[in-house]
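Remarks on the structure that follows.
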Amino acid sequence: MPELPEVETQVRDLQVVVGKKILAITSDTHKAWKPNFAASQQLLGKKILSITRRAKYLIFKLSGEMVLVAHFRMTGHFLLAKSAKPLERFIRHSFQLSNGVFLQFSDIRKFATLTVCTENAYQKVCKLVELGIEPLEKSFTLAALQQAFKNKKGMLKALLLNQTIVAGIGNIYADEICFNAKLHPASRVENLTQQDFKNLHKAIQQELRKGVKNRGTTIGEYVDTRGKHGKNQLSLRAYKQHGKLCGVCGKTMQKMKISQRTTSFCAHCQQKR
DNA sequence: CGATTCCCCTGATAGC
DNA sequence: TGCTATCAGGGGAATC
């Protein structure tokens with residue numbers, strides 16, 4: 001599923017369409033459009049001024065003070081096509097651009113959203129203002145992480161998935177981060193030591209940077225804008241590894257549910273706090 | 001107000 | 001083989 005590294009990979013690839021105009025939009029899944037499909041028509045004739053990312057949100061700034069905010073949820077991704085012909089089976093939306101490129105949006109489970117907004121309202125409407133720290137920004141220091149976790153209680157993994165604390169981490173990278181930091185995902189955050197926070201801070205940066213470098217994790221359907229798989233799934237050490245042997249100690253990996261999410265970990269290497 | 005549960009949706013997989 | 005049941009999961013809404 002697209003998390004920070006996957007969305008970042010898409011954003012980087014999509015820079016080739018900055019400066020192009022949106023000439024037409026087709027969609028067979030009107031429900032994805034917020035506030036409604038009719039709003040999509042406001043984007044016609046608009047020029048793409050920039051494409052950026054905040055957490056797992058992809059933000060198109062357009063001329064006329066318009067903004068399109070895309071969220072991939074589970075299975076969404078953009079594809080750059082040279083014609084209107086769908087590159088994949090589950091293309092739900094297609095944007096015809098002024099350079100002849102068709103920006104296609106694939107989304108098997110129809111969970112993704114496309115929000116049409118104005119420049120001065122999008123941060124509030126899409127709840128970007130409620131998001132936590134960007135973990136790959138310079139502002140993500142050890143002190144900033146500790147400040148964000150201050151007065152928080154609960155299981156470590158549940159907090160890592162909470163977008164209002166640290167933004168952009170999903171189920172895959174949360175498991176990888178806990179494994180990297182040698183922390184049990186069910187550890188109570190109020191029990192973490194200074195050394196634990198150091199390890200956690202380092203693990204968050206290492207795992208997300210590795211994900212970006214590998215152009216994302218392909219489990220199921222995620223691909224980049226050219227339809228190519230990421231490489232990060234080839235070096236996962238925890239996510240979906242339950243039942244397999246731990247790469248560090250050789251013991252069998254366990255699984256449990258945390259925050260409604262399947263969580264894999266090594267009970268030997270990852271001690272509970 | 002915070003924490004938990006439900007829900008959206010459909011392909012893959014397991015079980016019979 | 002083919003059917004049904006279960007699972008996966010981000011985040012918003014409803015509920016506790």
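Just so it is clear, the structure is predicted and the values come from calculations on it, not from any experiment. A note on names: the letters A, B, ... follow the listed sequences, proteins ahead of strands, and every chain is numbered from 1.
Aromatic ring pairs are classed by plane angle as parallel below 30°, tilted from 30° to 60° and perpendicular above 60°; the pair A:F72 and A:F105 is tilted. Using the six-membered ring where Trp is involved, A:F149 and A:F197 have ring planes that are perpendicular, over 60° apart on the 30 and 60° scheme. A:F265 and A:H184 have tilted rings, their planes meeting at an angle from 30° to 60° on a 0 to 90° scale.
Distances were taken from every side-chain heavy atom of A:K31 (C-beta onward) to each of B:dT10, C:dG12, B:dC8; the shortest belongs to B:dC8.
Contact annotation: A:Q260 does not reach the phosphate of B:dC6 (side-chain N/O to OP1 or OP2, under 4.0 Å). Distances shown here put a side-chain N or O of A:K56 below 4.0 Å from the OP1 or OP2 atom of C:dG11. A sub-4.0 Å separation between OP1 or OP2 of C:dG9 and a side-chain N or O of A:T262 is present. Remark: A:H71 is in phosphate contact with C:dG11, judged by side-chain N or O atoms under 4.0 Å from OP1 or OP2. The side chain of A:K257 places no N or O atom within less than 4.0 Å of a non-bridging phosphate oxygen (OP1 or OP2) of B:dT5. Between A:K153 and B:dG2 there is no side-chain polar atom (N or O) within less than 4.0 angstrom of OP1 or OP2. Here A:Y239 reaches the OP1 or OP2 of C:dG9: one of its side-chain N or O atoms lies under 4.0 Å away. Between A:K127 and C:dA13 there is a side-chain polar atom (N or O) within less than 4.0 angstrom of OP1 or OP2.
Atom C1' of nucleotide B:dG11 and atom NZ of A:K110 are separated by 13 Å, given to the nearest angstrom. Going from atom CD of A:E88 over to atom P of B:dT10 covers 16 Å, rounded to whole Å. As a whole-Å value, the separation of A:Q163 CD from C:dG9 P is 15 Å. Between the P atom of B:dG2 and the CD atom of A:E190 lies a distance of 16 Å, rounded to the nearest Å. The CZ atom of A:R109 sits 5 Å away from the C1' atom of C:dA8 (whole-angstrom rounding). In this structure, the NE2 atom of A:H30 is 17 Å from the C1' atom of B:dC9, given to the nearest Å. Taking atom CE of A:M74 as the reference point, atom C1' of C:dC7 lies 11 Å away to the nearest angstrom. Whole-Å rounding puts the A:L128 CG to C:dG12 P distance at 10 Å.
In summary, A:D13 and A:R215 engage in a salt bridge, as defined by a charged side-chain N under 4.0 Å from a carboxylate O.
No engagement by A:E3 is indicated, since no non-hydrogen atom pair under 4.0 Å with the nucleic acid exists. Across all strands shown, A:K34 has no heavy atoms under 4.0 Å from either base or sugar-phosphate atoms. In this structure, A:S259 reaches neither bases nor backbone, as no heavy-atom distance under 4.0 Å exists between it and the strands shown.
Residue side chain A:R261 does not reach the base of C:dA8 through any donor-acceptor N/O pair under 3.5 Å, judged by distance alone.
Remark: aromatic rings of A:H201 and A:F140 are close, center separation under 6.0 Å. Between A:F60 and A:F78, a ring centre-to-centre spacing shorter than 6.0 Å is recorded.
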